[in-house]
Protein chains: 2
Amino acid sequence: MPTVSSEELAAAAGVNSAKLRKDFSYLGSYGTRGVGYDVEYLVYQISRELGLTQDWPVVIVGIGNLGAALANYGGFASRGFRVAALIDADPAMAGKPVAGIPVQHTDDLEKIIEDNGVSIGVIATPAGAAQQVCERLVAAGVTSILNFAPTVLSVPDGVDVRKVDLSIELQILAFHEQRKAGEEAASPDGAGPASATRSKSADKGPDGDVPAVMPA
Amino acid sequence: MPTVSSEELAAAAGVNSAKLRKDFSYLGSYGTRGVGYDVEYLVYQISRELGLTQDWPVVIVGIGNLGAALANYGGFASRGFRVAALIDADPAMAGKPVAGIPVQHTDDLEKIIEDNGVSIGVIATPAGAAQQVCERLVAAGVTSILNFAPTVLSVPDGVDVRKVDLSIELQILAFHEQRKAGEEAASPDGAGPASATRSKSADKGPDGDVPAVMPA
DNA sequence: ATGTCTTTGTGAACGTGTGCACAAAGATGC
DNA sequence: GCATCTTTGTGCACACGTTCACAAAGACAT
C-alpha cells in the first residue's frame, strides 16, 4: 500500500507538517502511526471534501476574450467542472462554437439553467450588463456566481458571489516592487496635494497584503 | 475642505471603523479629531502608498484568448499600469494589433524589456512554455511575474511570482455549494476506495477557506 | 512476546490580527 | 476663554491560526 508521511507532504508543499496533520484531522482523515497516510484513500477523501468528485455544470455568460479563455481553460474539467453552456447577448455569436461548445443567445438563459440543473454561473460580461445578468441567473436558480466584471453585484441572501479582479494581483506585485525600489532611495514624493509631508515609516506586516480599503 | 470620517468609510466598505483607523495610522495618515480625514489628501496618500501614482510598464507574454482579454482589460490603466508590449511566439501574430497594440515576436523579448524598463511581466502562455518564458523575463531584468499558466514557476531569490488559478475561485464556490446542499442530506458517500467510512464531522472555520494542500 | 522505531494526533504555547473602549485633540458655539 | 461635542489614535483584551513538543499508537524486527 503506497503511503506518504505528513513530513514528506509538508516538505513538498512548503508548509508545516503539524499544520498539515491538524488539517487532516479536521477532515476526519486518519493516518497510521509509524507509517503515514494511505495515498489513495487520502486523495479520495480530500477530493470528496472539496467537491471534486461531484459533477458541477456551469454556464459562462459573456463570450468575449475572457469568456472564451475560460471556456478553453483546461483546469476546469480536471476539477469536476463541466461547461454546460456558453451564453452571449450578441445574436451574431449564436451557434458559433467556442471551445467546441455552441454559443447560445441570452434569450434562452433561463431555459438553459433549468434544463441543465446549473447552480454555478460565471459572469464575464462588460460591467454594464453584469447586474442584470446576475439577476436573471439568480431568478433561474443559480446560487453561486463567479464575477469577472468590474462591478459589485448585489444579490439576495443565500447566493454566494466571488469577485475576481484581474488587476488586484498585479497591484500587489507593484506594491512589492515599489518596496524593493524604495529600499535605497526614500520616497520621492512629487507634487502631491498635501500641504505637509508626513513621516512615521508606514511599515506593515511582513506578509505585505494590501489594506482593506482602496480607491477606485 | 471635504472630509470623511472613519465611521462613514467603514460603513461604506463594510469593515470595522477601528481597524480602518488603525490601518490609516500605520500609513502615517493623520486625520483631524472631531472632523475626519481630508478626502483629497487621503486618496493621494493611499494611492501613493499602493503605487498607483507610479507608471508601471508591463509586458504580456502569450496573446491567446486570455492574453487578449488582459490586454483589453480596462482596470489596468486606471491603476497605473501601462501595457508596454504584447509578445507571442506565433510569427503569424506578429504585427497584428490587439487592443490597439501591435503584437511582437518572442525573439525580441529581451530588447523589449530593456527598452521599456519593464520590471513586471504577465505570463499567459500555455503551461509548457511558461517556465522558459519566465527565465527569459528574469534574465532580461523582470523582478515581478504574474503567472496565469497552470504551472509552478521556479525563480531565483529576489523575484516575486504570483500565480492566478482561474479555477480556484470556482472551486471555492463549489465547496460552499456542496455545503449548502449537504445541510439536509448527510454525505451520500458513493463507492470510495476506502475500506471504512470515517465520521468526525469535519467542520472548518466559518470563513470556509480551502485547506493548504489539494490534489492536482 | 517484547523492545525499538517511526509517525500520528493533539494539548499547550505563541504570535498576530481584530474589535472595544476611552483618553486626548481639536473644532465649534456661547 | 471656557464648555461641549465630535472624532481620532491607541492601549488592552480577546479570538484565531500556527507551531512546538510529546505521549500514544502501531509497525516491524528479534
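Predicted model, so just to flag it, every value in this text is computed and none were measured.
- Side-chain contact, B:Glu49 with B:Gln45: no donor N or O sits under 3.5 Å from an acceptor N or O.
- Looking at A:Gln131 and A:Leu153, their side chains come closer than 4.5 Å, going by heavy atoms from C-beta outward.
- Counting only heavy atoms from C-beta on, A:Arg21 has its side chain closest to C:dT10 among C:dT10, D:dG11, D:dT8.
- Using a 4.0 Å heavy-atom criterion, one finds that B:Ser6 contacts the sugar-phosphate atoms exclusively.
- For A:Lys22 against D:dT19, a side-chain-to-base donor-acceptor contact under 3.5 Å is present.
- A:Leu20 places its CG atom 13 Å from the C1' atom of C:dG9, with the value rounded to the nearest Å.
- Heavy-atom contacts from other residues, nucleotides or ligands closer than 6.0 Å to CD of A:Gln132 number 12 or fewer.
- Put simply, the side chain of A:Leu170 does not reach to within 4.5 Å of the side chain of B:Arg79, judged on heavy atoms.
- When rounded to the nearest whole Å, the span between CG of B:Asn16 and P of D:dG9 equals 15 Å.
- Rounded to an integer number of Å, the gap from A:Phe24 CZ to C:dT7 P is 15 Å.
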Donor-acceptor list for residues 114-121 of chain A side chains, cut-off 3.5 Å, not counting sequence neighbours:
| unit_1 | atom_1 | unit_2 | atom_2 | d |
| --- | --- | --- | --- | --- |
| A:Asp115 | OD2 | A:Lys111 | NZ | 2.8 |
| A:Asn116 | ND2 | A:Ile112 | O | 2.8 |

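- If you check distances only, the side chain of B:Lys19 never reaches the base of C:dG17 with a donor-acceptor pair under 3.5 Å.
- In this entry the distance linking OH of B:Tyr30 with C1' of D:dT7 reads 16 Å, nearest Å.
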Using residues 65-77 of chain B as the side-chain source, report each donor-acceptor pair under 3.5 Å to any protein atom, sequence neighbours left out, with the distance given to one decimal.
| unit_1 | atom_1 | unit_2 | atom_2 | d |
| --- | --- | --- | --- | --- |
| B:Asn72 | ND2 | B:Ala68 | O | 2.9 |
| B:Tyr73 | OH | A:Asp165 | OD1 | 3.3 |

Practice task
Any chance you could list the contact pattern along nucleotides 24-30 of chain D? Use B for base contacts, S for sugar-phosphate-only contacts and - for none, protein heavy atoms under 4.0 Å, 5' to 3'.
Solution key: BBSS---
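- To the nearest 0.5 Å, atoms OG (B:Ser17) and NZ (B:Lys19) are separated by 12.0 Å.
- With C:dT8, C:dA21, D:dA21 as the candidates, the nucleotide lying closest to the side chain of A:Ser5 is C:dT8.
- A straight line from CD of B:Glu7 to C1' of C:dC22 spans 15 Å, rounded to a whole angstrom.
- Applying the 4.0 Å criterion to OP1 and OP2 of D:dG9, one finds that B:Tyr37 has a side-chain N or O inside that range.
- Counting to the nearest Å, the P atom of C:dT18 and the CG atom of B:Asp23 are 7 Å from each other.
- As a whole-Å value, the separation of B:Leu9 CG from D:dT7 P is 12 Å.
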